[in-house]
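In what follows, chains are A, B, ... by sequence order, proteins preceding strands, each numbered from 1.
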Amino acid sequence: MSVTVTGKKTLVVIRHTPYGSSLARAALDAAMAMAAFEQAIDILFLGDGVLHLMPDQDSAAIGVNNVGKLLASLPLYDIDSVYVDAASAAKYRIATYDTPIAGQFLDQAQIQQLLSRNDHLLGF
Amino acid sequence: MIYSLLVLSSPVSGQGAQTAAAFAEAVLAAGHTVRRVFFFDAGCYAGTDLAVFPQDETDRLGPWIDLAEQQQVELVLCISSAIRRGQLDATEASRHEKPCASVHPAFTLSGLGELVDATANSDRLVTFGG
């Protein structure tokens, strides 16, 4: 199928932990599908969602795909920007230099601006 | 205004899925259009034709069937979310050699492209659950 490129901007907001449910993977699948259809798409990791950005993830023992490796492949899918809730990242001691994908760390005011400047929000 | 709905909640846990059906009815009653309802992740359980609810609980499937049959609302289950949850239409049941279909015929199974299309071509995309 083909989807019209409309110029709208969509933000996928990920608020859940990467291995606690299937929801997080669903969010990344949605983001990659948006990008594959050439829609303008950004991702925001908010709250507990910042745990996606933990360095050196190893999920072999729980039998699911490694989210860190999936994130590292996102630039191949033309996902425009990755944003990170800086306060939550600090709470979990996730450092800007050590994440599986480079992200822009935002404070509360910057997150509010980001949410308001997108046409659609997909909240996971 | 053109609306699309993204349903992530399971119909048997929390209020998200029931609220989504009520929201779709309200949107239509107010004279707007619902382009599509896309069910994703645990939301795909909404399509099951095999669940049995106790008589003193509200029916979870009925409101969706009414929306599809009376208001021609398109109901799409994400195919990869659905089949891993045992939500198969007749085609998928046959393809995967399963004994029966489990999804009500008011729903179709399709890919994430349907969500992308709904997002691109709706004024509002409203997410329920997650």
Colleague: Taking side chain as everything from C-beta outward and backbone as N, CA, C, O, which of these in B:Leu6 sits under 4.5 Å from a heavy atom of chain A? Side chain, backbone, both or neither.
Modeller: side chain

Colleague: Against chain A, label B:Arg85 side chain, backbone, both or neither, depending on which of its atoms sit under 4.5 Å from a heavy atom there.
Modeller: side chain

Colleague: Can the ring centres of B:Tyr45 and B:Phe39 be said to be less than 6.0 Å apart?
Modeller: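 No; B:Phe39 has its ring centre 6.0 Å or more from that of B:Tyr45.
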
Colleague: Which heavy atom in A:Gln113 sits nearest to a heavy atom in A:Ser116, and how many Å separate them?
Modeller: O-OG, 3.0 Å

Colleague: Would you mind checking which part of A:Asp29 comes under 4.5 Å of any heavy atom in chain B, side chain (CB onward), backbone (N, CA, C, O), both or neither?
Modeller: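 A:Asp29 touches chain B through backbone and side-chain heavy atoms alike.
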
Colleague: Testing the 3.5 Å rule here: is there a donor-acceptor pair between the side chains of B:Asp41 and A:Ser22?
Modeller: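 Yes, side-chain donor-acceptor contact under 3.5 Å.
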
Colleague: Based on non-hydrogen pairs under 4.5 Å, which of B:Ser81, B:Ser80, B:Ala120, B:Cys78 is most in contact with chain A?
Modeller: B:Ala120

Colleague: Which one wins on heavy-atom pair count under 4.5 Å against chain B: A:Ala26, A:Gly7, A:Ala33, A:Ala36?
Modeller: A:Ala26

Colleague: Less than 4.5 Å to any heavy atom of chain B: does that hold for the side chain of A:Thr10, its backbone, both, or neither?
Modeller: side chain

Colleague: Do the rings of A:His52 and A:Phe45 sit parallel, tilted or perpendicular, given the 30° and 60° boundaries?
Modeller: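 If you compare the ring of A:His52 with that of A:Phe45, the planes turn out tilted.
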
Colleague: Pairing donors with acceptors under 3.5 angstrom, does anything connect the side chains of A:Gln110 and A:Tyr83?
Modeller: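 Side chains of A:Gln110 and A:Tyr83: no pair found under 3.5 Å.
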
Colleague: With only heavy atoms counted, which part of A:Leu121 is less than 4.5 Å from chain B, the side chain, the backbone, both or neither?
Modeller: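 It is the backbone, since no side chain atom gets that close.
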
Colleague: With side chain to side chain donor-acceptor pair (under 3.5 Å) as the test, pick out the partner of B:Arg35 among B:Asp123, B:Thr119, B:Asp117.
Modeller: B:Asp117

